[in-house]
Amino acid sequence: MPRVRFAPSPTGYLHIGSARTYVFNWLYARKHKGTVILRIDDTDVDRNTEESLASIYDGLRWLELGWDEEYRQSERTELHRRMAQVLLEKGLAYRDFTPADPTKDSDAERSGPWLFNPEMRNLSPEESARRAAAGEPFVLRFRVPRNGHVLRFHDRVYGFQERATGEIEDFALVRSNGQPTYHMASCADDIDLRITHIIRGQDHLANTFKHLLIFEGLGVQPPEFAHLPLLIAPDGSKLSKRRHGAVVSVTTYRDAGFLPHAFVNFLCLLGWSPKDNREYMTLTELIEAFNLEGIKRANAVVNFTDKDPLDPKAVWLNSQHLRAMPIEELARRVRPLMERAGLPVPGDEAHFYRLLDVLRTRYQTLNDFVTRGIAYFSDDYPIEPAALEKLNAPGARELLHELADRLETDAEFSEQSVENILRGLAAERGVKAGLIINAARAALTGQTVGPSAFTVFVMLGKDRVLRRLRRV
RNA sequence: GGCGCUAUCGUCUAGUGGUUAGGACAUGGCCCUCUCAAGGCCAAGGCACGGGUUCGAAUCCCGUUAGCGCUACCA
């Protein structure tokens with residue numbers, strides 16, 4: 001049974017690229033009856049924030065794709081240090097007492113790659129131990145083989161990869177403050193948690209060789225790897241929380257009234273395809289269709305603009321899910337939004353369902369029900385300027401009042417009976433039925449767009465209709 | 001700078017030597033129609049560039065360009 005992990009670091013909110021990585025991990029695990037592990041990679045204590053952690057949970061929970069096990073890396077540092085110690089004792093790692101120098105980080109004037117500091121790498125074990133015992137700070141580095149050793153692995157997405165160890169620098173395993181680095185902590189945990197498949201962003205493709213070294217050094221068979229292409233901004237730059245702000249946060253989609261699994265559907269289509277032209281897919285269909293081989297290697301653009309933070313395809317998919325989902329579930333999701341918006345939820349459930357069902361074909365998000373749909377639930381709705389124009393058409397108000405009088409005696413009050421009465425009135429007065437129809441819609445909903453006017457009559461019910469027609 | 005990954009309509013993608021390069025979103029039009037949607041139909045729009053290999057290349061190879069990733073105690 002596969003064991004996969006999603007390992008976000010709490011240094012910002014959950015952005016959609018991370019969310020997609022989670023989705024792919026989840027899908028893979030569910031498809032193969034495996035286990036999903038959430039591991040918070042919070043080894044960088046200086047950059048982690050509680051706020052970020054909360055927003056990651058927020059986003060993840062919203063997706064409605066549950067995980068099975070959960071760990072916090074910061075609570076496992078003993079394990080990481082122990083494994084680092086094993087590497088040191090095996091002679092596969094060494095202490096580097098060179099003081100940290102932030103200026104070395106700049107890529108200016110770089111002629112070639114830095115690989116290691118020979119003096120430190122060649123320090124005798126005795127001297128190394130002596131200096132460490134004396135309290136001199138050091139960073140623990142992996143002693144990367146300098147012979148012709150070549151590392152190889154097969155990536156499930158990017159295929160066969162190889163690299164000579166001679167090109168890899170002696171990377172850090174434990175910082176001078178005693179904190180294990182990402183590479184050390186990640187591999188130690190992957191081993192300890194018996195991770196079988198590492199599905200992660202392509203930004204780790206090059207790092208994988210380092211991880212191979214650690215796995216090998218610890219005498220462990222490395223897991224399988226599948227690296228995912230990155231999600232990028234329309235200008236080709238990488239998605240960054242700093243540059244692109246909230247548009248890349250999953251909460252943007254949540255707050256816009258997206259259905260979690262519609263959003264998941266959208267995320268899947270960024271870099272993966274079922275290859276049979278399907279786009280709209282339920283979660284069940286996604287699980288069934290998902291495979292690592294369907295992932296492509298090129299980065300994908302998330303199509304947002306300053307004006308519209310939502311990718312149009314995501315919106316379309318959401319509207320598809322909105323139309324196709326069971327009406328009971330739709331009601332369950334709309335209800336809390338209505339309550340929050342102060343709109344009364346119809347007591348008659350069947351009636352509520354009917355309303356939602358009529359409205360859903362022209363709405364795109366959950367939010368539409370409580371914004372564009374106000375008039376269907378409450379008497380307190382705004383009259384849009386365009387609607388006012390319809391009402392101001394010559395004779396419109398008088399006709400609506402007359403219509404109200406005639407409807408009052410209509411016991412049946414069905415779409416058909418209402419239509420007969422309305423058309424009868426139009427014919428009598430020698431006006432086009434459309435005039436009354438459009439004016440009626442404007443009066444009843446405050447809008448010029450919406451469902452068939454006759455449907456609106458019946459949905460609102462006789463009392464409301466008469467009241468609204470007469471008060472214009 | 002070094003190493004690596006990638007490159008099909010505006011966007012997401014199918015395509016692994018022979019296709020009129022297919023689908024979806026978005027865009028424009030038509031149908032339907034009491035409006036708006038939905039739905040149906042149609043249109044426009046693409047193989048980054050240059051060399052090879054081959055009877056034949058979006059597909060294989062090389063180069064260029066561009067983007068991205070990694071590159072001395074971020075993850």
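Throughout, a chain's letter reflects where its sequence line sits, starting with A, and its residues are numbered from 1.
Contact annotation: A/T43 side-chain N/O to B/A75 OP1/OP2 distance is under 4.0 Å. OP1 and OP2 of B/G23 both lie 4.0 Å or more from every side-chain N or O belonging to A/R278. Close to B/U6, at under 4.0 Å from its OP1 or OP2, lies a side-chain N or O of A/R297. OP1 or OP2 of B/C34 lies within a sub-4.0 Å distance of a side-chain N or O belonging to A/R423. Residue A/K275 places at least one side-chain N or O closer than 4.0 Å to OP1 or OP2 of B/G15.
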Donor-acceptor pairs are to be reported for all side-chain atoms of residues 138-151 of chain A against protein atoms at under 3.5 Å, with residues two or more places apart or in another chain.
residue : atom : partner : partner atom : Å
A/R141  : NE   : A/D96   : OD2          : 2.7
A/R141  : NH1  : A/D170  : O            : 2.8
A/R143  : NE   : A/G91   : O            : 2.9
A/R143  : NH1  : A/R121  : O            : 2.8
A/R146  : NE   : A/V144  : O            : 3.3
A/R146  : NH1  : A/G166  : O            : 3.3
A/R146  : NH1  : A/I168  : O            : 3.0
A/R146  : NH2  : A/I168  : O            : 2.9
A/R146  : NH2  : A/D170  : OD1          : 2.6
A/N147  : OD1  : A/H149  : N            : 3.0

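In this structure a side-chain-to-backbone donor-acceptor pair under 3.5 Å is missing from A/N318 to A/A314. In this structure a side-chain-to-backbone donor-acceptor pair under 3.5 Å is missing from A/E329 to A/P326. Not one N or O on the side chain of A/W67 forms a donor-acceptor pair closer than 3.5 Å with the backbone of A/R5. Judged by distance alone, with hydrogens and angles left aside, the side-chain atoms of A/E224 form no donor-acceptor pair with the main-chain N or O of A/D155 at under 3.5 Å.
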Using a cut-off of under 3.5 Å, enumerate the N/O to N/O pairs linking the protein to nucleotides 25-31 of chain B.
residue : atom : partner : partner atom : Å
B/C25   : O2'  : A/K313  : N            : 3.3

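Using a 4.0 Å heavy-atom cutoff across all strands shown, A/Q320 reaches sugar-phosphate atoms only and no base atom. Nucleic acid contact class of A/D276 (heavy atoms, under 4.0 Å, all strands): none. Contacts of A/G450 with the nucleic acid, taken as non-hydrogen atoms under 4.0 Å apart, include base atoms. Nucleic acid contact class of A/R323 (heavy atoms, under 4.0 Å, all strands): sugar-phosphate only.
In this entry the distance linking CZ of A/F304 with C1' of B/C12 reads 15 Å, nearest Å. In this structure, CG of A/N277 is placed 19 Å from P of B/U19, rounded to the nearest angstrom. Distance NE2 (A/H183) to P (B/C70): 10 Å, rounded to an integer number of Å. Distance A/N207 CG to B/A75 P: 11 Å, rounded to the nearest Å. Put simply, OH on A/Y182 is 12 Å from C1' on B/C70, counting in whole angstrom units. Atom-to-atom, CD1 of A/I295 to P of B/U13 comes out at 11 Å; the value is rounded to the nearest Å. Residue A/E167 contributes atom CD, which lies 12 Å from atom C1' of B/C70 at whole-angstrom precision. Computed from coordinates, the A/Y158 OH to B/C3 C1' distance equals 16 Å when rounded to whole Å.
Comparing B/U35, B/C73, B/A75 by their nearest atom to the side chain of A/N438 picks out B/U35. Of the listed nucleotides (B/A14, B/A75, B/A72), B/A72 has the atom at the smallest distance from the side chain of A/E169. The nucleotide whose nearest atom lies closest to any side-chain atom of A/H204 is, among B/A75, B/C12, B/C34, B/A75.
Under the salt bridge (charged side-chain N to carboxylate O under 4.0 Å, His left out) criterion, the residue pairs touching residues 293-304 of chain A are A/R156-A/E293, with sequence neighbours excluded.
Under 3.5 Å, the side chain of A/S176 and the base of B/C73 form at least one donor-acceptor pair of N or O atoms. With hydrogens and angles ignored, no donor-acceptor pair closer than 3.5 Å exists between the side chain of A/R163 and the base of B/C3.
Between A/R362 and A/V302, it is A/V302 whose nearest contact on RNA chain B lies nearer the 5' terminus. Annotation: of the two residues near RNA chain B, A/L270 and A/R372, the 5′-most nearest-nucleotide partner is A/L270.
For B/C70 and B/U27, the P atoms lie 36 Å apart once the distance is rounded to whole Å.
Taken from CG in A/L231 to CD in A/Q202, the straight-line distance is 11.5 Å, to the nearest 0.5 Å.
Residue A/P451 comes nearest to A/L359 through the heavy atom pair CG-CD2, 4.1 Å, listed as atom of the first residue, atom of the second, then distance.
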